[in-house]
Novice: 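Below is one structure. I have some questions about it.
Every heavy atom of this structure was used, including side-chain atoms; hydrogens, water molecules and symmetry mates were not. Residue numbers begin at 1 in each chain, while the letters A, B, ... track the order of the sequences.
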Number of protein chains: 2
Amino acid sequence: MSEKQDTELIIKEAARDIFLKKGYAGARMQDIADKAGINKALLHYYFRSKEKLFDVIFFEQFGKLIGQVKEGLRGDMNLHDKIEFFVDKYIGLLEQSPYLPLFVINELSRDSERFIDKLKSFEVYPEAASMIGMMMQEMEKGAIKKYHPFHLLMNIMSLSVFPFIAKPMIMTITQVKDEDWKELMADRKEQVKAFIFNALEI
Amino acid sequence: MSEKQDTELIIKEAARDIFLKKGYAGARMQDIADKAGINKALLHYYFRSKEKLFDVIFFEQFGKLIGQVKEGLRGDMNLHDKIEFFVDKYIGLLEQSPYLPLFVINELSRDSERFIDKLKSFEVYPEAASMIGMMMQEMEKGAIKKYHPFHLLMNIMSLSVFPFIAKPMIMTITQVKDEDWKELMADRKEQVKAFIFNALEI
DNA sequence: ATTTGCATTAACCATTTGGTTAAATTTTTT
DNA sequence: AAAAAATTTAACCAAATGGTTAATGCAAAT
């Protein structure tokens, strides 16, 4: 009985690893089986097909990403603290799961139709609306500079997420080495927050 | 003779389309042949293997992306105009080639080792150094706020590129419709520039 | 101890996929 | 016009890949 739980978890961990790194098209069932240390047939015994296994992983990972967004947007802090919290949380998450955003983006980009119904349950609208409302209030008050709230939110996200997505490209282009990158990224949170707050300062 | 040029071009155009949308692993030689309206064997006659064909496309596209970066960084404008020029140019490029950045990022992410030698010829270091030098000068003068130049450059790029990469994800999360997205993106250039300049303003 | 039912595997299967070959067609050269 | 060279195709091949099956192992229930 605990065997079943165990094996299923082991498979899922292996699948997550492979799918995150290689994407759906690049992943091989055999590789997942090997990484899990089991027979390939057992994958199908537990998850029936590559697509079904993939979906399990994808929704889990999507949930993880969205969950962090929602958590970052929610809460009763003032705008400044909210932004600070969001950037810290988000960059923190990506430091631990660097493959996550590119994976989700890729698979949604590949075929968003396929997921669209099942993804509705993850909606962030309430949380986003609350944050946007707060932004507009502050802008009205004249407490911060005026921007289109959608773009402001997009900017916060862009600054937090992009470096993780673009790392291999940036490193190739700039020929920055691994250690230098690490060092640079250690400063990222502070640099992003300063940039945002300065852009908002009236 | 002109046949040869013609066919090669037709194949490359088809290959570009398929590879950009599906990536290396997701692309099928048969699909490329179909799109080009030719026999699959002819692909191999012209390009020998999937990998070789892919490399031709990849380096072309990488060059396009990097070329734009270099062009954006070069020039004898002052910093303000340079940033303006860069953002306009870059977002303009991506409006026309929305698949480009995700494609390059993905394939470099998949296996950057494979390309690293061949990509050295594209180096943007001189142009980047010139821009970074200019930034540091302005910061020293007290003309703009102080940031780590690397992060400032990264921020400019993040704000310009991220929305194009994350479009399917953002649209899914926010349930923004296609027309709304288009409308929002029409403002993007201005919003990004304003955000950057406000963040730099002392 | 035997049966029962789930977990696991080895071997196998059908399809897909990148790639090849030999012949046919077209173009270029002589 | 004939020969030679280049281009294009139909048919084929071998390996890879997702998936299945039938047998085996194994723990719990009888």
Side-chain angles (χ1 to χ4, degrees), chain A residues 1-61 103 106-107 110-111 113-115 118, chain B residues 1-61 103 106-107 110-111 113-115 118:
Chain A
M1 195 100 284
S2 73
E3 296 269 345
K4 180 161 189 176
Q5 298 288 322
D6 236 45
T7 309
E8 199 171 317
L9 194 71
I10 288 170
I11 291 175
K12 274 171 63 175
E13 273 168 9
R16 172 166 45 78
D17 229 75
I18 301 284
F19 278 133
L20 274 170
K21 284 185 187 148
K22 309 248 188 148
Y24 181 84
R28 299 286 160 253
M29 292 298 266
Q30 188 61 61
D31 293 344
I32 295 174
D34 289 349
K35 171 151 272 182
I38 53 149
N39 187 289
K40 185 165 63 92
L42 204 55
L43 291 184
H44 290 89
Y45 177 75
Y46 277 92
F47 294 94
R48 305 213 29 110
S49 73
K50 184 183 183 185
E51 212 174 320
K52 289 224 170 65
L53 174 56
F54 175 82
D55 282 4
V56 170
I57 303 300
F58 179 78
F59 287 115
E60 252 181 43
Q61 297 301 308
F103 170 71
N106 262 323
E107 301 305 331
R110 186 169 60 88
D111 182 7
E113 292 303 316
R114 204 167 83 68
F115 298 112
K118 289 181 184 169
Chain B
M1 195 101 284
S2 73
E3 295 270 347
K4 180 162 189 177
Q5 297 288 321
D6 235 44
T7 309
E8 200 171 317
L9 194 72
I10 288 169
I11 291 175
K12 274 171 62 174
E13 275 168 6
R16 173 166 45 76
D17 229 75
I18 300 284
F19 278 133
L20 274 171
K21 284 184 187 150
K22 309 246 189 149
Y24 181 84
R28 298 287 161 252
M29 292 298 266
Q30 189 62 59
D31 293 344
I32 296 173
D34 289 349
K35 171 150 271 182
I38 54 151
N39 189 289
K40 185 165 63 93
L42 204 54
L43 291 183
H44 290 89
Y45 177 75
Y46 276 92
F47 294 93
R48 305 216 27 113
S49 73
K50 183 183 182 183
E51 211 173 320
K52 290 223 171 64
L53 174 55
F54 176 82
D55 282 3
V56 170
I57 303 300
F58 179 78
F59 287 115
E60 251 181 45
Q61 296 301 308
F103 170 71
N106 262 322
E107 301 305 330
R110 187 169 58 87
D111 182 8
E113 291 304 316
R114 207 169 79 70
F115 298 111
K118 289 181 181 168

Novice: When the distance from CD1 of A:I11 to P of C:dA7 is rounded to whole Å, what number comes out?
Specialist: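 Atom-to-atom, A:I11 to C:dA7, this comes out as 11 Å.
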Novice: Taking only N and O in the side chain of B:T7, is any of them less than 4.0 Å away from OP1 or OP2 of D:dT8?
Specialist: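 Looking at the OP1 and OP2 atoms of D:dT8, one of them is under 4.0 Å from a side-chain N or O of B:T7.
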Novice: Does anything in residues 25-49 of chain B form a salt bridge (charged side-chain N to carboxylate O under 4.0 Å, His left out)? List the pairs, not counting sequence neighbours.
Specialist: B:D17-B:K35
Novice: What integer distance in Å separates B:L43:CG from D:dT7:P?
Specialist: 15 Å
Novice: Can you confirm whether A:Y45 sits close enough to A:L42 that some side-chain heavy atom of one is under 4.5 Å from a side-chain heavy atom of the other?
Specialist: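 The answer is yes; the side chains approach within 4.5 Å.
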Novice: Can you tell which of C:dT8, D:dT7, C:dG19 lies closest to the side chain of B:Y46?
Specialist: D:dT7
Novice: Without decimals, in angstroms, what is the distance between B:K50 NZ and C:dT17 C1'?
Specialist: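 So the two atoms are 8 Å apart, to the nearest Å.
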Novice: Once you round it to whole Å, what is the distance between P of C:dT20 and CZ of B:R48?
Specialist: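 Atom CZ in B:R48 sits about 7 Å away from atom P in C:dT20.
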Novice: Looking at residues 17-34 of chain B, who's got a heavy atom less than 4.0 Å off DNA chain D?
Specialist: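 Heavy-atom cutoff 4.0 Å gives no residues at all.
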Novice: Can you list the residues that meet the side chain to side chain donor-acceptor pair (under 3.5 Å) rule with B:R110, with sequence neighbours excluded?
Specialist: B:E107
Novice: How does protein contact run along nucleotides 10-15 of chain D, one letter per nucleotide 5' to 3', with B for base contact, S for sugar-phosphate only, - for none, heavy atoms under 4.0 Å?
Specialist: B-----
Novice: Rounded to whole angstroms, how far apart are CZ on A:F54 and P on D:dG19?
Specialist: 13 Å
Novice: What is the distance from CD1 of A:I10 to P of C:dT8, rounded to the nearest Å?
Specialist: 9 Å
Novice: Which pairs count as ring pair (Phe, Tyr, Trp, His ring centres under 6.0 Å) when at least one residue sits in residues 9-34 of chain B, sequence neighbours excluded?
Specialist: B:F19-B:F54, B:Y24-B:F54
Novice: Can you sort out the partners of A:K12 under salt bridge (Lys or Arg N to Asp or Glu O under 4.0 Å), two or more places apart, ordered by chain and number?
Specialist: A:E60
Novice: What is the distance, rounded to the nearest whole Å, between atom CZ of B:F47 and atom C1' of C:dG18?
Specialist: 16 Å
Novice: Could you give the distance from OH (B:Y46) to OG1 (B:T7), rounded to the nearest 0.5 Å?
Specialist: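 Here the interatomic distance stands at 4.0 Å.
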Novice: List the residues meeting salt bridge (Lys or Arg N to Asp or Glu O under 4.0 Å) with A:E13, not counting sequence neighbours, and say none if there are none.
Specialist: none
Novice: Rounded to the nearest 0.5 Å, what separates atom CG in B:L43 from atom NZ in B:K52?
Specialist: 14.0 Å
Novice: Is there a side-chain contact between B:I38 and B:I10, using heavy atoms and a 4.5 Å cut-off?
Specialist: no
Novice: What is the separation between atom OH on A:Y45 and atom C1' on D:dT24, rounded to the nearest whole Å?
Specialist: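 Distance, rounded to whole Å: 14 Å.
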